[in-house]
Amino acid sequence: LPPETARSIALLAELGRQRQARERERAGISHNLPAQRVEEEADGTYRLAFELPLPVEGWNAQLSLLTGIVAGRTMVEAEVGILRTLPAAAPDAITTLRRTARALGLSWPREQPYPAFVRGLAGDASPRAAAFLIQAAHTLRGAGYAGFDGTVPDHPEHGAIASVYAHVTAPLRRLVDR
């Protein structure tokens, strides 16, 4: 790699890891769902294989999240904008998810918070972990937008991000975010 590219990647890794640490401190949740693919075995049978996201994908996502958090905070300070909102996972959804973990044979200590348990599965490409993470993503229901001009909404937070957030890096198809 050219030295400039190598330096940029190193900086992305450093910043990404720092932002992941901040996400842990905020009790934010990143559901890094493994990619799924069907693979043919030598005997002609098929199996479902899971591939974990590369670390660089997580670091890049943290840059996007940082941009959205800063934009959301700026909007709140200016008392005008459009925030992306999401309620925190409901307690009954967490109870159901704990039962799911138990049924899948995953050990989730009672004292371990939901975000920490999800984060602990980040390097696990097993079918059990993948199934759990897919179910965990279903706890994040009720996403919406809160537009405001003069009065900040009562619940401006995005529960998964654990902060105010604006979808400013979203694709153009999400015109509300522009």
Side-chain angles (χ1 to χ4, degrees), residues 1 3-37 49-77 81 83-91 93-94 97-98 100-101 104 106-144 155-171 174 177:
L1 292 174
E4 294 168 7
T5 303
R7 193 173 76 235
S8 293
I9 292 172
L11 289 172
L12 176 62
E14 182 181 343
L15 179 61
R17 287 187 191 107
Q18 288 176 6
R19 293 305 305 169
Q20 287 167 333
R22 283 297 202 52
E23 182 177 73
R24 280 190 296 279
E25 292 167 8
R26 289 191 319 270
I29 303 165
S30 288
H31 289 105
N32 296 316
L33 300 174
Q36 301 176 29
R37 67 178 181 281
F50 300 94
E51 184 178 315
L52 293 172
L54 296 172
V56 70
E57 294 173 281
W59 304 331
N60 185 59
Q62 288 298 325
L63 275 180
S64 178
L65 290 171
L66 174 59
T67 303
I69 289 169
V70 170
R73 288 179 181 168
T74 301
M75 290 176 190
V76 167
E77 288 173 16
L83 299 174
R84 183 75 166 143
T85 60
L86 177 73
I94 300 301
L97 201 55
R98 282 187 175 278
T100 300
L104 289 168
L106 299 173
S107 177
W108 183 356
R110 176 61 55 200
E111 68 280 356
Q112 187 177 34
Y114 166 58
F117 184 67
V118 168
R119 205 171 352 282
L121 295 176
D124 188 343
S126 71
R128 291 172 187 225
F132 178 85
L133 290 173
I134 290 167
Q135 290 305 307
H138 292 127
T139 65
L140 303 173
R141 301 260 185 219
H155 302 285
E157 297 86 16
H158 190 288
I161 296 170
S163 180
V164 295
Y165 177 75
H167 240 146
V168 294
T169 61
R174 293 186 180 149
D177 302 316

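Every value quoted in this text rests on a predicted model; they were computed, and no experiment measured them.
With rounding to the nearest 0.5 Å, the separation of CG in Asn60 from CG in Leu54 is 11.5 Å. Here the NE2 atom belonging to His31 is positioned 10.0 Å from the CZ atom belonging to Arg119, to the nearest 0.5 angstrom. Of the inter-residue distances, the one linking Leu106 atom CG with Ser126 atom OG reads 6.5 Å to the nearest 0.5 angstrom. In this structure, CZ in Arg37 is found 10.5 Å from CZ in Phe50, a value given to the nearest 0.5 Å.
For the pair Arg110 and Arg98, the minimum side-chain heavy-atom distance is below 4.5 Å. Between Ile9 and Val56 the shortest side-chain heavy-atom distance does not fall below 4.5 Å. Between His158 and Leu83 there is no side-chain heavy-atom pair separated by less than 4.5 Å. Inter-residue side-chain proximity for Trp59 and Leu15 is flagged as unmet; no heavy-atom pair is nearer than 4.5 Å. Between Tyr114 and Thr139 there is a side-chain heavy-atom pair separated by less than 4.5 Å. Inter-residue side-chain proximity for Ile134 and Gln36 is flagged as met; some heavy-atom pair is nearer than 4.5 Å. Using a 4.5 Å cut-off on side-chain heavy atoms (C-beta onward), Arg26 and Pro115 make no contact. Val168 places none of its side-chain heavy atoms less than 4.5 Å from the side chain of Val70.
Of all the heavy atoms in Gln62 and Gly16, the pair that sits closest is CG-O, 3.9 Å. The shortest non-hydrogen separation linking Pro34 to Ala130 is CG-CB, 3.6 Å. Heavy-atom minimum distance, Ile69 versus Ser163: CG2-OG, 3.5 Å. The shortest heavy-atom contact between Thr85 and Pro156 is CG2-O, 3.8 Å. Residues Asp124 and Leu52 share a closest heavy-atom pair of O-CD2, 3.6 Å. Heavy atoms only, all atoms of each residue included: Pro53 and Leu33 are closest at CG-O, 3.9 Å.
Note: Phe117 and Trp108 have parallel aromatic rings, judged against thresholds of 30 and 60 degrees for the angle between ring planes.
Atom CZ of Arg128 sits in a sparse spot, with 12 or fewer heavy atoms from other residues, nucleotides or ligands closer than 6.0 Å. By the 6.0 Å contact criterion, NE2 on His155 is open, its count of non-hydrogen atoms from other residues, nucleotides or ligands being 12 or less.
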Working for side-chain contact (heavy atoms from CB on, under 4.5 Å), residues Leu63 and Arg19: CA-CA 8 Å; Leu63 275 180; Arg19 293 305 305 169; 6.0 Å; no
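A salt bridge links Glu25 to Arg22: at least one charged side-chain nitrogen sits closer than 4.0 Å to a carboxylate oxygen.
Only one option out of Glu23, Gln20, Arg24 pairs with Ser30 in a side chain to side chain donor-acceptor pair (under 3.5 Å); it is Glu23.
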